[in-house]
Enquirer: 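My questions will all concern the structure given below.
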Amino acid sequence: MHLVDGQGRTLSGTTRAAAEAAFTWALREFPRIDPVLLAEWSEEVAKAIEARTEVVEFPKRYAFAALHGKVRQWLRSKASQEIPVGIGAELEEWAEVDRDTQRMMDRAIFFDQMKTKLNDRDQHILVLLLQDITSPASVAEALGVSYTAAAQAIHRVKERIAAALSDSRNHSPNSSRFCEAES
């Protein structure tokens with residue numbers, strides 16, 4: 001660490017000791033945070049202590065609290081991000097797979113599973129919804145039914161998807177409720 005004030009003067013011994021103790025503590029408590037960041041924050045804390053020497057009664061306590069606050073703020077700001085390493089991460093990078101790709105794959109798998117739980121008409125509506133054909137008028141035209149019937153069918157498909165999700169969360173699948181009664 002480079003512990004000098006804004007004019008380039010060396011900081012007092014108590015300020016220096018407080019900043020170094022807080023820095024050592026932070027290194028031990030937060031081993032996954034870049035030591036350069038911790039050193040930079042410790043320098044900022046030391047400069048703040050030196051600028052407020054008449055107000056800060058306990059420099060060591062102030063240094064620990066201020067540095068801990070800076071770390072927590074950094075963690076909360078989501079500036080920290082998990083960086084995958086190893087062969088799996090290299091393969092994902094090579095294949096251009098990221099979180100969006102994973103989300104799209106999960107969505108495709110989910111809707112493929114949903115298609116097995118719906119009757120033919122509801123499957124057709126689901127396919128239309130996945131193609132962003134969501135208005136009852138468009139669905140009515142595609143199915144050859146009235147606007148009202150299409151709106152009810154869209155609502156029914158959405159309810160069945162919601163029911164499937166709640167059933168999967170409760171681990172009690174009930175696929176019989178997705179069959180329509182013939183009249």
Side-chain angles (χ1 to χ4, degrees), residues 1-114 117 126 129-132 134 155 157-174:
M1 288 190 308
H2 188 64
L3 296 175
V4 294
D5 63 8
Q7 287 77 32
R9 293 179 297 213
T10 305
L11 300 178
S12 69
T14 55
T15 301
R16 175 181 283 279
E20 288 174 349
F23 174 70
T24 305
W25 167 81
L27 283 174
R28 188 178 59 250
E29 291 297 313
F30 304 101
R32 292 191 174 25
I33 295 179
D34 186 7
V36 174
L37 273 176
L38 292 173
E40 182 181 322
W41 295 333
S42 297
E43 291 170 7
E44 290 174 10
V45 167
K47 288 177 187 175
I49 293 172
E50 198 68 21
R52 298 174 184 88
T53 52
E54 62 280 344
V55 179
V56 178
E57 293 181 38
F58 305 103
K60 195 171 183 179
R61 185 182 298 170
Y62 181 95
F64 277 87
L67 187 56
H68 189 245
K70 285 188 173 289
V71 169
R72 288 184 56 201
Q73 179 182 6
W74 183 76
L75 291 171
R76 260 185 276 136
S77 72
K78 300 197 190 311
S80 62
Q81 191 173 35
E82 190 174 331
I83 301 172
V85 293
I87 190 71
E90 291 172 6
L91 286 173
E92 287 178 2
E93 184 178 330
W94 176 78
E96 297 179 355
V97 175
D98 59 3
R99 290 181 185 177
D100 289 334
T101 306
Q102 184 63 43
R103 205 173 298 125
M104 288 184 333
M105 290 169 48
D106 290 345
R107 184 175 186 250
I109 291 169
F110 170 74
F111 284 112
D112 282 344
Q113 290 174 348
M114 283 306 306
K117 296 181 178 185
L126 180 62
L129 294 175
L130 291 173
Q131 295 172 353
D132 289 329
T134 57
H155 182 71
V157 168
K158 289 180 180 179
E159 284 181 339
R160 290 180 177 167
I161 291 171
L165 286 172
S166 67
D167 284 349
S168 67
R169 287 187 189 124
N170 296 334
H171 302 292
S172 59
N174 186 5

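Model, not experiment: these values are computed from the prediction. When reading the values below, keep in mind they use all heavy atoms of this one structure, side chains included, and skip hydrogens, waters and symmetry mates.
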Enquirer: Which pair of non-hydrogen atoms, one from F23 and one from P35, has the smallest distance, and what is that distance?
Expert: CE1-O, 3.7 Å
Enquirer: Do any pairs count as a salt bridge (Lys or Arg N to Asp or Glu O under 4.0 Å) and have a residue in residues 25-38, sequence neighbours left out, and if so which ones?
Expert: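 Residue pairs with at least one partner in residues 25-38: there are none.
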Enquirer: What residues form a side-chain contact (heavy atoms from CB on, under 4.5 Å) with A21, not counting sequence neighbours?
Expert: K60, F64
Enquirer: Can you see which heavy atom on A22 is nearest to which on L67, and at what distance?
Expert: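 For A22 versus L67, the nearest heavy atoms are O-CD2, 3.3 Å.
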Enquirer: Kindly give the heavy-atom pair with the smallest separation between P59 and I49, and that separation in Å.
Expert: O-CD1, 3.6 Å
Enquirer: Closer than 4.0 angstrom, basic N to acidic O: yes or no for K47 and E43?
Expert: no
Enquirer: Can you check side chain to side chain contact (heavy atoms under 4.5 Å, CB included) on V71 and L37, steps first, answer last?
Expert: CA-CA 9 Å; V71 169; L37 273 176; over 6 Å; no
Enquirer: Can you sort out the partners of E44 under salt bridge (Lys or Arg N to Asp or Glu O under 4.0 Å), two or more places apart, ordered by chain and number?
Expert: K70
Enquirer: If you apply the rule side chain to side chain contact (heavy atoms under 4.5 Å, CB included), what do you find for R72 with F30, and how did you get there?
Expert: CA-CA 10 Å; R72 288 184 56 201; F30 304 101; 5.7 Å; no
Enquirer: As a quick check of understanding, evaluate side chain to side chain contact (heavy atoms under 4.5 Å, CB included) for W41 and W74, giving each step before the final call.
Expert: CA-CA 11 Å; W41 295 333; W74 183 76; 3.5 Å; yes
Enquirer: Hey, what do you get for CG (L27) to OG (S42), rounding to the nearest 0.5 Å?
Expert: 7.5 Å
Enquirer: For A63 and A19, which heavy atoms make the closest approach, and how far apart are they?
Expert: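 Nearest heavy atoms, A63 then A19: CB-N, 4.3 Å.
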Enquirer: Listed by chain and number, what are the side-chain contact (heavy atoms from CB on, under 4.5 Å) partners of R61, not counting sequence neighbours?
Expert: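 Per chain and number, R61 pairs via side-chain contact (heavy atoms from CB on, under 4.5 Å) with F58.
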Enquirer: How long is the span from the CD atom in Q73 to the NE2 atom in H68, to the nearest 0.5 Å?
Expert: 12.5 Å
Enquirer: Do L126 and I161 pass the side chain to side chain contact (heavy atoms under 4.5 Å, CB included) test, and can you show the C-alpha distance, the side-chain angles, and the key distance before you say yes or no?
Expert: CA-CA 10 Å; L126 180 62; I161 291 171; 3.8 Å; yes
